[in-house]
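Quick notes on the structure that follows.
Counting starts at 1 for both ligands and their atoms, in listed order.
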Amino acid sequence: MAKDEEEDDVLPDKDAAKGFYAKYEPKEILGRGISSTVRRCIEKETGIEFAAKIIDLGAATEAGDTNPYHMLEATRQEISILRQVMGHPYIIDLQDVFESDAFVFLVFELCPKGELFDYLTSVVTLSEKKTRTIMRQIFEGVEYIHAKNIVHRDLKPENILLDENHNVKITDFGFARQLKGDEKLTDLCGTPGYLAPETLKCNMFEGSPGYSKEVDIWACGVIMFTLLVGCPPFWHRKQMVMLRNIMEGKYSFTSPEWADISEDPKDLIRKCLVVDPAKRITVKEVLKHPFFNQMLFEQNIDGLKRSLSTKSRRMSRINDIALRLSISWCCGNENLLLRKQSRFNARKKFQFAILVIRAMIRIRRLRYTAEPLRVEEAIRDPYRVKVLRKVIDGCAFRVYGHWVKKGEGQNRAALFENTPRTELHALYINNLSR
Ligand code: ADP
Ligand code: MG
């Protein structure tokens, strides 16, 4: 039994799961759900670390479901889906399964960097570049899941784990379903802030057509919005208002953070958060979106380099022409020397072209880079200044966590003001008039 285990957190009866305990040594708790506890564990024979999700089948009765068999059925469905989707680099690998009367043990590869949610809380917001890396991996995982006609239904930063290299691992297939053909689902499951409008509608209005895989794209849009600015798009302290906002697709890019963010990610979010699922972008289209295919210098350009290298046919042809030109311009014994000097260098030209492209992109993005700090502005409205906003957000998040950031015009600077804003403003006006 783990030494640091809390007293009320008793591990399952050893006799009930001999197989698991014979093979693994359970350690500290990594996370919890309604009916499961996830612990780090060590494979005794190899010393390799894993994560064991211990599902309490009895928890179903405690949670109001009178039939613990439902829980077992749901767990078996989770296992069956996990076995179909594992093997992809951005989806969690299931290593082992043990079943007893009261508990099921699912042994997964360990994700030492934990949840994307915790990572986001520690950094407050992610840069566009980091968001691109993370979102591309999530979408590639979703593409793989959807290709198998499976819908995840609970995508959120808590169910996206990070391995030791900060690569994504999609987990928690507890709500996932394999669809039969064009089957539509109607049951309400998922997490409120990430629910798609069609999921809500089919539980509120008679005759709604149900929902399908598009709900995962909606959830990805919500995740992407949250990664970029640290707050979810539809949040409202009254849950009914939040749900209405979701159904109407009511969100905006008006909070100060969005001023520093370029158009491509906004465009992709807009296309994911389309209320009508038939008009929503598909995962294949997402991966072709300019947000994932825009900047030459951030992409792997080895292929392009190879095709333009001096050995390639195109470049040797250009070299050939350059060589002939230099010959025609030169004469006598100086020919050879001059020819060498004026010889066209494809590599140099290519490097120069890359430099020019980089410079052009930087100039284009200048309007998104931070301006020098202006004291008057910092006093008047510190939250509008990007560097100060980062500091303010960092402090606020350490104290209050993500809920503090409510989006829409909210000013977290107010949490740290010693004097009312009106007095600060008056001070500023007085200074100006002096
Ligand atoms: P639930 O269905 O109860 O939400 P999850 O599978 O989402 O169960 O696991 C709950 C939490 O346990 C996760 O959010 C995460 O914090 C932690 N966890 C789960 N699997 C792993 C893993 N493989 N490595 C590290 N932590 C994990
Ligand atoms: Mg979970």
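Looking at atom 26 (N) of ligand 1, its nearest protein heavy atom turns out to be Leu30 CD1, 3.8 Å. Glu115 OE2, 3.6 Å is the protein heavy atom nearest to atom 13 (C) of ligand 1. Residue, atom and distance of the protein heavy atom nearest to atom 7 (O) of ligand 1 are Asp172 OD2, 2.9 Å. The single protein non-hydrogen atom nearest to atom 19 (C) of ligand 1 is Val38 CG1, 3.6 Å, given as residue, atom name and distance. In this structure, atom 3 (O) of ligand 1 lies nearest to the protein heavy atom Ser36 OG, 2.8 Å. Distance from atom 24 (N) of ligand 1 to its nearest protein heavy atom, with residue and atom name: Cys111 N, 3.0 Å. Scanning the protein heavy atoms around atom 11 (C) of ligand 1, the nearest turns out to be Gly31 CA, 3.8 Å. When hydrogens are left out, the protein atom nearest atom 21 (C) of ligand 1 is Leu161 CD1, 3.3 Å; that is the closest non-hydrogen contact.
Which parts of ligand 1 touch Asn159 is read off a 4.0 Å heavy-atom cut-off, strictly below it: atoms 7 (O). Taking a cut-off of under 4.0 Å to the non-hydrogen atoms of Ile92, the atoms of ligand 1 that pass are 23 (N). Of all atoms in ligand 1, listed by their number and element, those nearer than 4.0 Å to a heavy atom of Lys53 are 1 (P), 2 (O), 5 (P), 6 (O), 8 (O).
Summarising the local packing, NZ of Lys130 is surrounded by more than 12 heavy atoms from other residues, nucleotides or ligands at distances under 6.0 Å. The neighbour count for Glu164 CD, taken as heavy atoms of other residues, nucleotides or ligands under 6.0 Å away, is above 12. Asp276 CG: more than 12 foreign heavy atoms inside a 6.0 Å radius.
Ion pairing of Arg280 with Glu198 is present here, as a side-chain N (NZ or NE/NH1/NH2) and a carboxylate O approach within less than 4.0 Å. Using a cut-off of 4.0 Å between Lys/Arg side-chain N and Asp/Glu carboxylate O, Lys27 and Glu49 are scored as not salt-bridged.
For the pair Glu109 and ligand 1, the shortest N or O to N or O distance falls below 3.5 Å.
One of the N, O or S atoms belonging to Asn159 lies under 2.8 Å away from the Mg ion (ligand 2). Because the distance cut-off is set at 2.8 Å, Asp172 qualifies as a neighbour of the Mg ion (ligand 2) through one of its N, O or S atoms.
The shortest side-chain heavy-atom distance between Pro157 and Glu115 does not fall under the 4.5 Å cut-off.
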*Should Glu109 and Lys169 be marked as a salt bridge (charged side-chain N to carboxylate O under 4.0 Å, His left out) after you check the CA-CA gap, both sets of side-chain angles, and the distance that decides it?*
CA-CA 10 Å; Glu109 64 176 308; Lys169 297 278 173 182; 3.6 Å; yes
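Centroid-to-centroid, the aromatic rings of Trp258 and Phe225 come within less than 6.0 Å.
Between Tyr211 and the choices Lys201, Lys184, Arg153, the side-chain contact (heavy atoms from CB on, under 4.5 Å) rule is met once, by Arg153.
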